[in-house]
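What follows is a single structure, written as structure tokens, with notes after it.
Note on naming: letters A, B, ... go to the chains in the order of the sequence lines (proteins, then strands), and numbering restarts at 1 for each one.
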Protein chains: 2
Amino acid sequence: MELRTLRYFQAVAEELSFSRAAERLHIAQPALSRAVRDLEEELGTPLLARNKHKVRVTPAGAVLLRETGVLLGLAEEAARKVQRTALGQEGELRLGYIGPPTRDFLAGVLREFRIRYPRVTVILEERTPERVWEMVLKGRLDLGLTRPVTAGERLGLETLLLREEPLCAVLPSGHPLAKVEPLEWSALRGQPLIVLARREGVGLHDRVLLGCQRAGFPPTLAHTPSIVGTVLTYVESGAGIGVVPESVATLAGADTMVFKPLHPVEPVSLVLVWNREHENPVGEAFCSLVRELMAAG
Amino acid sequence: MELRTLRYFQAVAEELSFSRAAERLHIAQPALSRAVRDLEEELGTPLLARNKHKVRVTPAGAVLLRETGVLLGLAEEAARKVQRTALGQEGELRLGYIGPPTRDFLAGVLREFRIRYPRVTVILEERTPERVWEMVLKGRLDLGLTRPVTAGERLGLETLLLREEPLCAVLPSGHPLAKVEPLEWSALRGQPLIVLARREGVGLHDRVLLGCQRAGFPPTLAHTPSIVGTVLTYVESGAGIGVVPESVATLAGADTMVFKPLHPVEPVSLVLVWNREHENPVGEAFCSLVRELMAAG
DNA sequence: AGCGGTAATACCTTGTCGGTATCACCAACT
DNA sequence: AGTTGGTGATACCGACAAGGTATTACCGCT
């Protein structure tokens, strides 16, 4: 049983005439007669009762006609779905991201993305930067919004640089260093520092250590919490000086803290990463949108 | 897009190997490669990503695989449904019948029918005998359980005689005629008769008139209600003598009435009728069952 | 009786599908 | 590193089925 045959049968059953149906199908009438006969033979039962001048559908034919309708409709729908999927207009996008620093960025892009690709379901997964890389590599994510990693994990992965931001010191408003301009890394010597735990992001953590090292002193880590917000809480409580990317400033509440870029600037960046091997058209669409929005401003 | 192509694609997508799939399909591998390539061209998008030694399904391919599953399943289901319908094992049976005299007969046959053909929905329509004939003729009923009609309405209709029963007089238990044996039509001369209304069944009504006429007297019709039960009520109330087919006795409650066949016997019969033009396999199945049950007893 | 229109049949042509042989490529194992 | 086995793709060929043309058989309607 082939769809072609079913289309033929449907035409005849609807027109109740072989010749008219043949015309509609742009084939010759005998070909149609044979096709229907073959179908009847295959199913082992007459579908159309033809008494020389009139064609009626038998009960079995009526059933087949009904089924054929849904079948052909579904087939067409399936083809369209496949094509939409290929164009990235349908399906799902598994998007991994790291916490707060990407949140405002994500919100903007996602809002626009949902408007342009309403049939795409976006599945968000918040993980540590390293875990995002790993999941993209394994194909468990289509796209990752994360920080660069030093390791060789990036083999075969494509990246797009989204943003660079300087590392900043976070100080209570009344802190003596809050007025120093520009603030140097060396000013942090001996100060109790509060930095995100290394397991929450090796790249960022090590970058802080590197800043201190370049300034020629070993950092004094007072606390290394797992959540960026906790860094700020420690700072507010006077436990020390936080070192975080600039974008974290958006998390800060009132004017109880100041964010001051550290010189010389230690940039940390935000990248979009994907796996060329497991390319997903939806991912491409998302990428293009990101590029477009960045170009627009 | 043809089902054959989809079956091929499904095999490859499931096996994730062209050669294994070809083996499973009992065709050569090159034919399979070409079929899939053609499908991809038709849909305008790659469905399988093959990097020389590994085959993966693309997102579009995954969508098609899912859709293909339901499509092929439905196609198979449709074929089975058609065949069952052709065998009378599925579908619906529109069955017309006349009131009480057929009810016990129907009950027995239907009980067995439902057991043997559980997927068939039986649609019952109670009408007057004439209306049943008309509906069968027009194809609005597959089968009718009714009384024979004198008219030429039976053109092209097939019938099967189910039962013959004599017309009976219904008398209150204490009636003088209740003891006469045998009871002759002529005994009804001058008696107030209660007969079903003519519009509820021309055949039956006229048969009663014919019985009187043959006995050489004009009937005195006291009442002609529309419902057989009402005839009995009249008799019980002493309004006169009812004349009904013998099977009506099943409607009578206690021993307040006696049913006595009238001599010479005026038989009325019950027939099954159907239209050869609008033959429905379910109808045939029902017919066969009826024949079988009659033969069995 | 004859005409117009129906579906079926007979026969031919062509396109498509499947098969065989072969190639190009990669991976794994000497 | 070279070899071997296994992968999918390509080229070519043959067979068969799908479609076309011509014709027939049959029916309803003038």
Side-chain angles (χ1 to χ4, degrees), chain A residues 1-43 45-58 60-61 64-65 68 72 75 155-156 276-279, chain B residues 1-58 60-61 64-65 68 72 155-156 276-279:
Chain A
M1 208 171 61
E2 291 303 317
L3 291 183
R4 185 180 49 81
T5 322
L6 291 180
R7 273 184 276 265
Y8 286 4
F9 166 75
Q10 187 186 44
V12 181
E14 282 176 5
E15 299 281 346
L16 287 180
S17 156
F18 280 74
S19 18
R20 270 202 307 280
E23 207 170 318
R24 183 173 121 186
L25 294 166
H26 303 111
I27 62 169
Q29 166 262 314
L32 189 52
S33 287
R34 272 194 311 127
V36 173
R37 178 172 50 73
D38 291 350
L39 179 61
E40 290 179 322
E41 265 170 33
E42 184 184 342
L43 292 174
T45 171
L47 302 167
L48 298 169
R50 22 222 196 279
N51 41 3
K52 279 304 175 194
H53 258 247
K54 280 210 170 50
V55 176
R56 280 185 309 105
V57 294
T58 64
L64 185 61
L65 183 58
T68 294
L72 293 179
L155 286 178
R276 181 161 284 272
E277 289 295 302
H278 299 122
E279 194 48 285
Chain B
M1 207 170 63
E2 292 302 317
L3 291 182
R4 185 181 48 82
T5 321
L6 291 180
R7 274 185 276 265
Y8 286 4
F9 165 75
Q10 187 186 45
V12 180
E14 281 176 6
E15 298 282 345
L16 287 180
S17 156
F18 280 73
S19 18
R20 271 201 306 280
E23 206 170 319
R24 181 173 125 188
L25 294 166
H26 303 110
I27 63 169
Q29 167 262 315
L32 188 52
S33 287
R34 271 193 310 126
V36 173
R37 179 171 50 73
D38 291 350
L39 180 61
E40 290 178 323
E41 265 169 34
E42 185 184 342
L43 292 174
T45 171
L47 302 168
L48 298 170
R50 23 219 194 280
N51 42 3
K52 281 301 175 196
H53 257 247
K54 281 211 170 50
V55 175
R56 282 184 309 103
V57 294
T58 64
L64 185 62
L65 184 57
T68 295
L72 293 179
L155 287 176
R276 179 162 285 274
E277 290 293 303
H278 300 122
E279 193 50 284

Original post:
Under the side chain to side chain contact (heavy atoms under 4.5 Å, CB included) criterion, do B:Arg50 and B:Val12 qualify, and how do the steps go?
Top reply: CA-CA 11 Å; B:Arg50 23 219 194 280; B:Val12 180; over 6 Å; no
Original post:
Between B:Arg20 and B:Glu14, does a salt bridge (charged side-chain N to carboxylate O under 4.0 Å, His left out) hold up when you go through it step by step?
Top reply: CA-CA 10 Å; B:Arg20 271 201 306 280; B:Glu14 281 176 6; over 6 Å; no
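Between A:Arg56 atom CZ and C:dA7 atom C1' there is a gap of 16 Å when expressed in whole angstrom units. In this structure, A:Arg37 atom CZ and C:dA7 atom C1' are separated by 12 Å, rounded to whole Å. Following rounding to the nearest Å, B:Asp38 (CG) and C:dG15 (P) show an atom-to-atom distance of 16 Å. The nearest whole Å value for the distance from the CZ atom in B:Phe9 to the P atom in D:dG8 is 14 Å. In this structure, A:Glu40 atom CD and C:dA8 atom C1' are separated by 13 Å, rounded to whole Å. Taking atom CD of A:Glu41 as the reference point, atom P of D:dA17 lies 13 Å away to the nearest angstrom. The distance between atom CD of B:Glu2 and atom P of D:dA18, rounded to the nearest whole Å, is 10 Å. D:dA18 atom P lies 12 Å from atom CG of A:Leu39, rounded to whole Å.
Of the inter-residue distances, the one linking A:Thr5 atom OG1 with A:Leu32 atom CG reads 10.5 Å to the nearest 0.5 angstrom. The CZ atom of A:Phe18 lies 15.0 Å from the CD atom of A:Glu23; values are rounded to the nearest 0.5 Å. Separating the CD atom in B:Glu15 from the CD atom in B:Gln10 is a distance of 10.5 Å, to the nearest 0.5 Å. Here the CD atom belonging to B:Glu40 is positioned 7.5 Å from the OG1 atom belonging to B:Thr58, to the nearest 0.5 angstrom. Atom CG in B:Leu6 sits 6.0 Å away from atom CG in B:Leu72 (nearest 0.5 Å). The CZ atom of B:Arg34 sits 11.0 Å away from the CD atom of B:Gln29 when rounded to the nearest 0.5 Å.
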Subject >> Pair pattern of DNA chain D in dot-bracket, where unpaired bases get dots and | marks partners in another strand, Watson-Crick or G-U under 3.5 angstrom >> reply: ||||||||||||||||||||||||||||||
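In terms of phosphate contacts, B:Arg4 brings no side-chain nitrogen or oxygen within less than 4.0 Å of OP1 or OP2 of D:dA17. Checking the phosphate oxygens (OP1, OP2) of C:dA8, a side-chain nitrogen or oxygen of A:Arg50 falls inside 4.0 Å.
Between B:Leu39 and B:Leu64 there is a side-chain heavy-atom pair separated by less than 4.5 Å.
Looking at residues 17-34 of chain A, you'll see A:His26, A:Ile27, A:Ala28, A:Pro30, A:Ala31, A:Arg34 sit with a heavy atom under 4.0 Å from some atom of DNA chain D.
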